[in-house]
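Here's the structure we're looking at; comments come further down.
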Protein chains: 2
Amino acid sequence: MKRTQKTSSRSADDATEKGRPQMADLARLAGVSVATVSRALNGSALISKDTRERIEELARSLNYSINIGAKNLRLKQNRTIAVVIPYDRVSRQHISDPFFLAMVGSLADAITERGFDMLLSRVDAESLDSAADLYNSGKAIGIILIGQWRHHDQLNQMAAKRMPIVVWGTQIPQQLYCTVGGDNMAGGAMATRHLLERGYRRIVFIGDPQLAEVTYRHQGYVEALAAYGLQPDPQLLVCVPFDANEARAGINRLCEQGVSFDAVFACSDVMASAASQVLHLHGRTVPDAVGVVGYDDIEWASHCNPPLTTVRQPIGAAGAELVDALLCVIDGVVVVPRVLPVELVVRSSTRPDPG
Amino acid sequence: MKRTQKTSSRSADDATEKGRPQMADLARLAGVSVATVSRALNGSALISKDTRERIEELARSLNYSINIGAKNLRLKQNRTIAVVIPYDRVSRQHISDPFFLAMVGSLADAITERGFDMLLSRVDAESLDSAADLYNSGKAIGIILIGQWRHHDQLNQMAAKRMPIVVWGTQIPQQLYCTVGGDNMAGGAMATRHLLERGYRRIVFIGDPQLAEVTYRHQGYVEALAAYGLQPDPQLLVCVPFDANEARAGINRLCEQGVSFDAVFACSDVMASAASQVLHLHGRTVPDAVGVVGYDDIEWASHCNPPLTTVRQPIGAAGAELVDALLCVIDGVVVVPRVLPVELVVRSSTRPDPG
DNA sequence: ATGAAAGCGCTAACAT
DNA sequence: ATGTTAGCGCTTTCAT
């Protein structure tokens with residue numbers, strides 16, 4: 001059967017032809033077998049130094065690089081990690097939030113550093129199965145999912161099918177998958193406590209407590225208030241997804257309704273910054289009339305005007321942690337969810353310590 | 001030779017075992033040959049509707065998904081596009097600039113939309129060959145490079161080797177590779193003209209004209225000045241790479257040296273925002289004392305305080321254009337460099353029209 | 001309409 | 001130290 005005309009017609013000078021050279025070419029040119037070439041290129045001890053060097057030299061001169069696909073197939077291995085960013089149709093959360101983008105950057109670094117390739121894909125969160133496909137089809141050996149949103153159950157199902165998956169998010173009781181995330185409760189508490197310490201009392205909370213991570217931030221908020229003998233006022237809850245416009249609208253509504261407040265704690269810097277802007281338009285100065293605290297500490301938080309007091313999430317470390325966790329999961333090691341420390345960064349969107 | 005114990009031991013209920021099912025499993029379970037399964041799953045007209053449906057059903061119930069690697073090897077095809085972000089050791093430009101990150105997001109969308117996978121990697125710009133490897137090893141069918149930096153020659157060499165590559169950047173005489181980029185000359189000119197129209201006269205330029213894109217923006221700047229009968233003052237050139245801190249330091253120096261200026265045109269919003277901040281510290285108000293114009297129109301430009309007047313680059317469209325261009329190059333179609341229109345977005349960092 | 005068998009580019013067990 | 005050969009999971013020609 002000679003369907004393989006192309007191959008069978010490969011002549012001696014073939015390597016210089018259009019197609020990239022392959023082992024067979026090197027073998028022919030070096031006058032050895034393909035096996036020898038394979039071994040030489042893989043640094044097998046079986047090959048004489050002489051032969052190896054000759055082959056290596058040849059490979060270099062032909063600009064040969066091994067066909068990873070074939071190698072992977074043969075070895076049933078794979079060095080690709082899929083990073084998935086679900087976008088939520090409902091909340092219309094898009095990939096554009098700088099926090100997520102920064103996370104992608106951090107992951108790119110961490111994955112590259114460990115000698116893996118990173119496959120980035122966006123998937124409709126309503127059909128996370130298509131993320132599963134990345135694994136099932138052998139495109140990747142594991143999946144890192146950024147944000148757990150409302151998809152706890154789907155994630156549990158995937159994990160139940162022994163899919164190697166790690167999620168940036170928060171630990172939820174009875175979860176089967178591994179999460180890595182910031183300490184949301186502590187973050188919510190330290191932001192709120194800071195505002196209280198600076199003399200603010202009526203603190204607006206911006207965020208959707210239905211989202212797992214926000215749940216805990218809100219809990220921290222409530223606890224910090226309680227420590228000051230305060231009750232959370234439902235009027236002060238602006239329940240919106242991570243979105244600048246929604247946050248803007250929310251604060252705007254509050255102002256127009258004449259709800260009294262003297263501080264804002266937003267669950268992302270993007271929303272905090274948006275809030276800050278709206279307040280400005282209403283003639284309420286930050287930090288004097290209203291104190292503002294954000295979340296994430298994305299780069300621009302320090303470039304804002306005024307620079308944002310915020311809860312820093314360790315984005316740089318997060319990438320590394322996620323990848324390490326995933327590699328453990330792949331190795332079958334049980335990994336307990338990891339909670340990364342967060343840190344309050346005090347800038348100028350809250351007024352100086354009165355004490 | 002029974003090295004393949006695992007395989008040969010695959011029993012009838014094998015598909016439920018740990019390993020993911022493959023065509024052989026479906027074939028056995030359906031009582032047909034692998035060839036039939038393959039054809040059925042690929043919708044071949046040769047297969048009777050009956051058989052096809054039976055096999056499709058089986059595949060679904062077993063949660064089968066085809067091994068892409070094997071398919072690609074056999075078909076010598078591939079649906080992966082590599083996106084490369086070089087980082088420049090010299091300028092220390094990192095992946096963190098929101099503009100690049102936004103571009104990654106845009107590319108992810110465009111690539112996904114066309115049914116391809118996106119491989120994201122960071123490479124040391126000094127050794128762009130490692131980017132070439134992505135293609136040579138068959139990991140990807142083509143490369144999209146974000147930013148041409150100082151690597152014109154290397155890129156030309158890669159293109160000369162018939163590597164499918166498209167670069168986000170600017171057209172340079174005698175380039176062998178295809179570029180897609182904003183209209184930098186027009187952008188530089190419209191930013192400068194705007195400042196002049198608003199009554200500013202001594203305009204600082206922040207950016208490194210050695211970088212191809214900046215070269216043209218600076219040229220536009222010079223031309224716009226000339227149209228007003230002005231000469232560019234070398235004192236007003238802050239020659240720094242795309243970096244907030246460098247920009248900050250640059251403006252700071254100018255202030256301390258007492259160089260007189262009443263406006264700033266920065267080659268990125270990040271730098272513009274940084275400049276704005278430093279000016280604030282020096283007690284110079286934006287836009288009254290100093291007008292500021294940025295570049296890119298990243299999301300936060302509108303959330304800044306004051307919101308930034310800037311030159312919008314069509315980030316959303318850019319992703320699609322880059323991918324389309326690459327697919328053309330891959331098809332062997334000659335693609336002329338594409339220049340995307342840019343647009344001035346007037347906000348509050350420049351004072352109102354006096355006219 | 002279906003099956004047998006070859007082969008995509010590579011590795012490794014088994015020769016020698 | 002090197003060659004021979006089978007096979008990774010799939011598609012397709014050729015035969016039936």
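Keep in mind the model is a prediction, meaning the values are calculated, not measured.
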[N] phosphate, OP1 or OP2: any side-chain N/O from [X] under 4.0 angstrom?
X       : N      : answer
B:Thr51 : C:dA1  : no
A:Lys71 : C:dT11 : yes
B:Lys76 : C:dG9  : yes
B:Tyr64 : D:dC10 : yes

Six-ring centre of A:Tyr135, A:Arg162 cation under 6.0 angstrom, axis tolerance 45° = no
request  = Determine, step by step, whether B:Arg79 and B:Asn72 satisfy the side-chain contact (heavy atoms from CB on, under 4.5 Å) criterion, reporting the C-alpha distance in whole Å, the side-chain angles of both residues, the deciding distance to 0.1 Å, and the verdict.
outcome  = CA-CA 9 Å; B:Arg79 292 189 72 81; B:Asn72 284 345; 5.9 Å; no
task = Look at A:Arg60 together with A:Glu57 and state whether they make a salt bridge at an N to O cut-off of under 4.0 Å.
result =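 Salt bridge flag = yes for A:Glu57 with A:Arg60.
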key: Positive for side-chain contact (heavy atoms from CB on, under 4.5 Å) with B:Leu322, one of B:Ile111, B:Val83, B:Val180   =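 Going through the options one by one, the only one that passes is B:Val180.
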[X] [atom1] - [N] [atom2] separation (whole Å):
X       : N      : atom1 : atom2 : value
A:Leu26 : C:dT11 : CG    : P     : 11 Å
B:Asn78 : C:dG9  : CG    : P     : 13 Å
B:Asp25 : D:dC8  : CG    : P     : 12 Å
B:Leu73 : C:dT11 : CG    : P     : 12 Å
B:Ile68 : C:dC8  : CD1   : C1'   : 15 Å
A:Gln77 : D:dG9  : CD    : P     : 14 Å
A:Ile66 : C:dG9  : CD1   : P     : 12 Å
A:Ile55 : D:dT2  : CD1   : C1'   : 10 Å

ask   = If you check the B:Arg74 side chain, which of C:dA12, C:dC10, D:dG9 turns out closest?
value = D:dG9
Side chain of B:Asn67 - closest among C:dC10, D:dG9, D:dT12 =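 Selected nucleotide: D:dG9.
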message = On DNA chain D, compare the nucleotides closest to A:Leu46 and B:Ala70; which residue's is nearer the 5' end?
response = A:Leu46
query = Which residues, if any, of residues 32-42 of chain A bring a heavy atom under 4.0 Å of DNA chain D?
reply = A:Val32, A:Ser33, A:Ala35, A:Thr36, A:Arg39
request  = To the nearest 0.5 Å, tell me how far B:Leu107 CG sits from B:Ile144 CD1.
outcome  =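 Interatomic distance, B:Leu107 CG to B:Ile144 CD1, rounded to 0.5 Å: 5.0 Å.
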message = A:Thr179 vs A:Gln175, test: side chain to side chain donor-acceptor pair (under 3.5 Å). Steps then yes/no.
response = CA-CA 9 Å; A:Thr179 50; A:Gln175 77 190 10; 3.0 Å; yes
task = Compute the centroid of each ring, for A:His151 and then for A:Tyr177, and state whether the two points are separated by less than 6.0 Å.
result =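 Aromatic pair excluded; centres sit 6.0 Å or further apart.
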